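Below is one structure, written out as structure tokens; the observations come after it.
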Protein chains: 2
Amino acid sequence: MISGLGLSSMTVKKRVTIRQVAKESEVSTQTVSRVINHHPNVAPETRRRVLQVIDRLGYQPSSIARSLIQGYSGTLGVVGYGLEYFGPSRTLSGVEQQANELGYSLLLSLMRQPEKNDVEQVLRDMFSRYVDGIIWAMPEIGNNRAWIRQGTPQLSVPIVFLSMQPHPNLSVVAVDNRRGGRMATEHLLDQGYQTIGLITGPLDWWEARQRQLGWQDALKEVITEDHLVVEGDWTAESGERGLRQLLEQCPDMDAVFVCNDQMALGVLQAARQMGIRVPEDLALVGFDDTPESAYFYPPLSTVRQDMVELGRCAVRELGCMIEASQQGRAVVESKAILLQPQLVIRESSVRERG
Amino acid sequence: MISGLGLSSMTVKKRVTIRQVAKESEVSTQTVSRVINHHPNVAPETRRRVLQVIDRLGYQPSSIARSLIQGYSGTLGVVGYGLEYFGPSRTLSGVEQQANELGYSLLLSLMRQPEKNDVEQVLRDMFSRYVDGIIWAMPEIGNNRAWIRQGTPQLSVPIVFLSMQPHPNLSVVAVDNRRGGRMATEHLLDQGYQTIGLITGPLDWWEARQRQLGWQDALKEVITEDHLVVEGDWTAESGERGLRQLLEQCPDMDAVFVCNDQMALGVLQAARQMGIRVPEDLALVGFDDTPESAYFYPPLSTVRQDMVELGRCAVRELGCMIEASQQGRAVVESKAILLQPQLVIRESSVRERG
DNA sequence: ATGAAAGCGCTAACAG
DNA sequence: CTGTTAGCGCTTTCAT
């Protein structure tokens, strides 16, 4: 039986190798290698000839073969989560921008269940692909950082963690959520509001807890006023529920710090339905500053965090670590970088001056 | 000066190779290879012993070496754009989900300037990394598809294109934007609205043009009513401007089909500022169905497109093509898949029944 | 300035 | 069931 003949004699494009180029140029593979790597020690005439053949044959060096030899791949592993949300997708965008500028490719891996212990699997896979470093862009949720204590030592690539609790011996880049929470709350106090409620994100998120702490900082309360706090889940719907619950628990509340803009949108809707005017009866500050926030009704005051910059910053850090480790400096001092958020004041929190 | 000594004597982890495992297990590398690849022909006892050594040494097969031999890498290249927008980031999420389920890793490359001709560069790079296939998840803008005519032939990997004009010999997956546009407009007509304006996306986007065509389909107008159309740029701000301009051009307009939800949000704000009631004076239908849309004031009727499914679908397609091409069937019939959008009716387009 | 040899870590193709 | 021999495509010595 003759199989695979006939039509399949179509050009099944074989990869052009350095050897073919060498043969056609009548030089050794070595010289070709020197040409494509821009080594100085090649006669101009030779270089010209080789380049010409490369062009004619459409030769493309194999990154794979290179990686195998050199032990690294010019690739960064990115472990992400929740790409459907505003923050994470901006972050990834920043990561990609900076990686691109630094000449790195990206190997992307998204996690679905934040808790589950696919960690080892993912890390192993990236390692087996010779990534030069890893961006851990998954929020700290529950104790999904537990693996770090055991796992880190055997990891031979630099890692930068995003949005997590700074940790000795770990490189971390995060937004100063606590400060952001405080800024939001202090702003409300400045505006003369008295009783400031809080709708948090899911409290197993580190970032959510930090924002809550900021709120507490501003209120200078030692005792947490439980009836002023409701836990949300980042969705508009939970914001809506949150406001109702909060007002039940504390009818004289006149302002709320809502821990993201999407929940704030839900609050806005609930307020409307309940006949509560914003900001006259109830002031609101959100967190994120999504592109939509300025178009809410009323336009939402919020805390802007530059997630793109967060991603860029992380990659820059990682770049340094990689460079250092490739130059043999095995131990790089790891540091924590806190990016400062920015208060954006719009109508939802500004009381009309009489 | 002694540099890099002292502490840096820390274990600079060498990669564990199959050879070491073989030696320690007292078998050949071949047998180890068989074990890690789950080949049947290994004595249970041998397998046990090898696995044990693997575990003890923490051995991890090198994907890179494998790729070099086999000529493919278990990786899909993804070329994306505009990750900061709702649609694209959902799409990527879908791509990742399905890729993960099919056992592929993702090599991500984002483009910044949709027009610029980095195409060759990106493609070359992916090719040099032995990607098994490519998802071209960049919207068709301007003539950024021009390269296809020249470039495709020398590409030896399957490609699936997202959100572009179906094309003979190309695999394309897209949402039926035209149908969506028609559905939105027909719904407005059904509700008794008479003069239906249009705020489009940037008209160099194929998707934007399709939605416009849908609107025209519904109006059954041969002559395009230019004064009923304004071109936006997907931002809320452009929606705001768009409404003002539209009303100037055509004061008796009583409904608008706005080509994405973000612009619709801008329209909503403009309407409020101008004292126009929605939907009493002006009805609105958007496009996308973002999570926020249901929380706009009033809640926004819109055309939902399932971008996650779009991404998944594309990867499934690509998976088939890859399989086919690896089995030697060089030419795979390429098809176009159109996903159907869905009309979501909320308050912004429903006229109160008297 | 150029080339020859060795080998990165693994698997394919054949032996036994 | 197991081992041997090649060699994927390239770079790294080390010669010349």
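Since the structure is predicted, the reported quantities are computational estimates derived from the model, not experimental observations. Every chain is numbered from 1, with letters handed out A, B, ... down the list of sequences.
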- request: Only counting residues at least two apart or in another chain, list the ones meeting salt bridge (Lys or Arg N to Asp or Glu O under 4.0 Å) with Lys23(B).
  value: none
Side chain proximity check, Glu96(A) to Arg112(B), heavy atoms < 4.5 angstrom: yes
Thr17(B) side chain to Arg19(B) backbone, donor-acceptor under 3.5 Å: yes
statement: Of all heavy-atom pairs linking Gly71(B) and Arg15(A), the shortest is O-NH2, 3.9 Å
field: Near-strand residues of residues 44-77 of chain A, defined as heavy-atom separation under 4.0 angstrom from DNA chain C
entry: Thr46(A), Leu68(A), Ile69(A)
message: Within the structure provided, determine whether Glu24(A) and Arg56(A) are in side-chain contact (heavy-atom separation under 4.5 Å).
response: yes
message: The test is side chain to side chain donor-acceptor pair (under 3.5 Å); show your working for Ser105(B) and Arg129(A) and say whether it passes.
response: CA-CA 10 Å; Ser105(B) 295; Arg129(A) 290 194 145 80; 3.2 Å; yes
query: With Ile64(B), which residues qualify under side-chain contact (heavy atoms from CB on, under 4.5 Å), at least two apart?
result: Ile64(A), Ser67(A), Leu68(A), Tyr130(A), Ser62(B)
Please report, to 0.1 Å, the donor-acceptor pairs under 3.5 Å made by any side chain of residues 38-47 of chain A, with sequence neighbours excluded.
residue	atom	partner	partner atom	Å
Glu45(A)	OE1	Arg48(A)	NH2	3.3
Arg47(A)	NH2	His39(A)	O	2.9

query: 5' to 3' on DNA chain D, which nucleotides open and close the contacts with chain B (atom under 4.0 Å from a heavy atom)?
result: dC1(D) to dG9(D)
field: Smallest separation among heavy atoms of Pro61(A) and Ser128(B), with atom names
entry: O-CB, 3.2 Å
- request: Would you mind reading off the bend of the helix from dA1(C)-dT16(D) to dG16(C)-dC1(D) from its two end axes, five pairs each, to 10 degrees?
  value: 30°
- prompt: Where does the chain B footprint on DNA chain C start and end, counting 5' to 3' with a 4.0 Å heavy-atom cut-off?
  reply: dC8(C) to dA13(C)
task: Hey, which sits more toward the 5' end of DNA chain D by its nearest nucleotide, Ala43(B) or Tyr130(B)?
output: Ala43(B)
message: Under 4.0 Å, heavy atom to any atom of DNA chain D: which of residues 22-32 of chain B qualify?
response: Val27(B), Ser28(B), Gln30(B), Thr31(B)
query: Closer to the 5' end of DNA chain D via nearest nucleotide, is it Ile36(A) or Arg19(B)?
result: Arg19(B)
field: Residue list, salt bridge (Lys or Arg N to Asp or Glu O under 4.0 Å) with Glu101(B), at least two apart or on another chain
entry: Arg312(B)
- prompt: Has the side chain of Asp132(A) got a donor or acceptor atom that lies under 3.5 Å from a matching backbone atom of Leu76(A)?
  reply: no
field: CD/Glu26(A): more than 12 non-hydrogen atoms of other groups inside 6.0 Å
entry: no
By side-chain contact (heavy atoms from CB on, under 4.5 Å) - contacts of Ala137(B) (at least two apart): Ile135(B), Leu162(B)
- prompt: Listed by chain and number, what are the side-chain contact (heavy atoms from CB on, under 4.5 Å) partners of Pro88(B), not counting sequence neighbours?
  reply: Tyr85(B)
query: Which residues pass the salt bridge (Lys or Arg N to Asp or Glu O under 4.0 Å) test with Glu309(A), sequence neighbours left out?
result: Arg316(A)
